[in-house]
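Step one of this worksheet: look at the structure below.
Just so it is clear: chains get the letters A, B, ... in the order the sequence lines come, proteins before strands, and each one is counted from 1.
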Amino acid sequence: MLLWDVTNYRTVAHYAYSMLHHLHNPDSFSWGCVIRFLSQKGLFTEAVSLYVEMSRMRLYPTSHAISSALKSCARIQNVLGGVSIHGQVHVFGFDTCVYVQTALLDLYSKMGDMRTARHVFDEMAERSVVSWNSLLSGYLKAGNLDEAQDFFGQIPNKDVISWNSMVSGYAKAGNMDQACTLFQLMPERNLTSWNAMITGFIDCGSIVSARELFDSMSRRNCVSWITMIAGYSKGGDVDSARKLFDQMDHKDLLSYNAMIACCAQNSKPKEALELFNDMLKPNIYIHPDKMTFASVISACSQLGDLEHWSWIESRMNDFGIVLDDHLATALIDLYAKCGSIGMAYELFHSLRKRDLVAYSAMIYGCGINGKASDAIKLFEQMLAECIIPNLVTYTGLLTAYNHAGLVEKGYQCFNSMKNYGLVPSIDHYGIMVDLLGRAGYLDEAYKLITNMPMQPNAGVWGALLLACRLHNNVDLGEIAVQHCIKLESDTTGYCSLLSSIYATVGKWDDSKKMRTGVEAKEIIRVPGCSWTTNLTSP
DNA sequence: CATCCCCATC
């Protein structure tokens, strides 16, 4: 009973564990209670390992223990554990227990093995609506909408969860018309039904419809708020996300994680760190988890100095957060962006499994640190491991070619993106313009800009302007600066650049005109490329 | 008293 009051999950597991071992001879009923308790608290790994320990003692598991253990295996995708418990289900004679059989079919349904799930379902002597719902969610997850619809029609006593599954299935498939129809038809709706509709609208890009639905709700829970915040985050609308977040009455861990991630993903690293600071204040105090730190590390890497990180690192130690591959990958990015390429490499080699994100972070790190040949080597290694590159990988690779001044290779690389079905983003164009321009191919760079499939931004024009300054090209410089001024409110840097071009080619009057009221020093940044350049007027 | 639906990761 004391257990339910403990909010720190690690402590909960510890308590449960020690209580069990304080009993002289815990019977299988006690074991079952603790396993069920852990599973309900979301401590699935702990629940499974406790079940394994109980099995080793040759205790006869209760139906509670076995169904909770199966649920835990399903949640953490523990195939091996799930299948071995399946074997025990027969051994201990739970073939007719509806709870155990349902947990079993749900396990296979969650693993995506619909044949076995269906087999378990067909063999069941007794089925509850939960059994039907488990199989239904499996069909929906597999994208089998027709089969799901058909199966849904056969459910004898549909409850709100059956309806919710169908609504969310159609919403996830992008079929909002059908989702709306079902939502209208539902005999009763709970918060999950409304939240599924919000998710659907956001996924198909209708944030306005999502907000209308959200505003029309008479009651909302954390999931409703978090879904909206994440939706605004995806659309880059940090202000709207923050407004909602500030209106929340009871902010939990996930709300903070969503808002911190929103800031970290939308280039607001300072705000992300401020929020992290807020959640640790004694009057709020919310215990951060690995996901909090994943975003916080990303925020640190955007700030580009290791000072913030050393503070974060000690907080991580305070909370007993252990580095996993995800966090280590975020750290690789941090170290690389701060110039500690050796530390980045060390972490990279310590990873259990190097995935697309890890490779991309490392390639980018080599790129911005002038290690072009390392970046290329990593890229080839990645391809050899059959990992398909994405847009981020190419940002790193093109950055590497850019730093090395390898124009031809860089151009080939840019053109090879389509071989992987990738369409270059505006950042990739920005790097290419910079690469061509620095090498003196100003006309080619200008041609690339005019042929871009999207509207060029200030970064792209800025890169051309910078190249014009390097090679003192007045005509293109004037064009570039006009576009920059149109696109950016702070234009002092652009103007001083053009002014210095005029000065170099002897157009002193024009130079003077540009320079009036202009600060001598400015920083121009090319997006997708991490270098910054200090420029001084003559 | 268990089992199913909605939210967050570089």
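- Counting any heavy atom pair closer than 4.0 Å across all strands shown, A:Gln101 reaches no nucleic acid atom.
- Put simply, the side chain of A:Ser63 and the base of B:dA2 share a donor and an acceptor less than 3.5 Å apart.
- Rounded to an integer number of Å, the gap from CD1 of A:Ile312 to P of B:dC10 is 15 Å.
- Among B:dC1, B:dT9, B:dC5, the nucleotide with an atom closest to any side-chain atom of A:Ser165 is B:dC5.
- Between A:Leu105 and A:Ser134, the closest heavy-atom pair is CD1-CB, 3.7 Å.
- Taking only side-chain atoms of A:Ala230, from C-beta outward, the nucleotide of B:dC6, B:dA8, B:dC4 with the closest atom is B:dA8.
- A salt bridge does not link A:Asp239 to A:Arg242: none of the charged side-chain nitrogens sits closer than 4.0 Å to a carboxylate oxygen.
- Listed nucleotides: B:dC5, B:dT9, B:dC7. Nearest to the side chain of A:Ser168: B:dC5.
- OP1 or OP2 of B:dC4 lies within a sub-4.0 Å distance of a side-chain N or O belonging to A:Arg75.
- Across B:dC1, B:dA8, B:dC10, the shortest atom-to-atom separation from the side chain of A:Met291 is found for B:dA8.
- The nearest whole Å value for the distance from the CG atom in A:Asp289 to the C1' atom in B:dA8 is 9 Å.
- Contact annotation for A:Lys158: no contact, since no heavy-atom pair falls under 4.0 Å across all strands.
- Distance from the side chain of A:Asp333 is smallest to B:dC10 among B:dC10, B:dC6, B:dC1.
- Counting only heavy atoms from C-beta on, A:Ser67 has its side chain closest to B:dA2 among B:dA2, B:dA8, B:dC4.
- Between the P atom of B:dT9 and the CD1 atom of A:Ile229 lies a distance of 13 Å, rounded to the nearest Å.
- Within 4.0 Å of A:Thr329, counting heavy atoms only, lies at least one base atom of the nucleic acid.
- The side chain of A:Arg36 has B:dC1 as its nearest neighbour among B:dC7, B:dC1, B:dC5.
- Between A:Phe293 atom CZ and B:dA8 atom P the separation is 21 Å, expressed in whole Å.
- Residue A:Gln40 places none of its side-chain N or O atoms closer than 4.0 Å to OP1 or OP2 of B:dA2.
- Taking every side-chain heavy atom of A:Val357 into account, B:dC10 is the closest of B:dC10, B:dT3, B:dC1.
- In this structure, A:Lys110 reaches the sugar-phosphate backbone alone: every heavy-atom distance under 4.0 Å involves primed, P, OP1 or OP2 atoms, never a base.
- Nearest to the side chain of A:Ser137, among B:dC10, B:dC6, B:dC4, sits B:dC4.
- Minimum atom distance to the side chain of A:His326 is reached by B:dC10, of the listed B:dC4, B:dA2, B:dC10.
- Electrostatic pairing of A:Asp324 and A:Lys290 counts as a salt bridge here, judged by a charged N lying under 4.0 Å from a carboxylate O.
- Side-chain atoms of A:Ser193 and A:Glu188, non-hydrogen and from C-beta on, never get closer than 4.5 Å to each other.
- The phosphate of B:dC10 has OP1 or OP2 within less than 4.0 Å of a side-chain N or O from A:Ser295.
- Between A:Asp113 and A:Arg118 there is no salt bridge, since no side-chain nitrogen of the basic residue lies less than 4.0 Å from a carboxylate oxygen of the acidic one.
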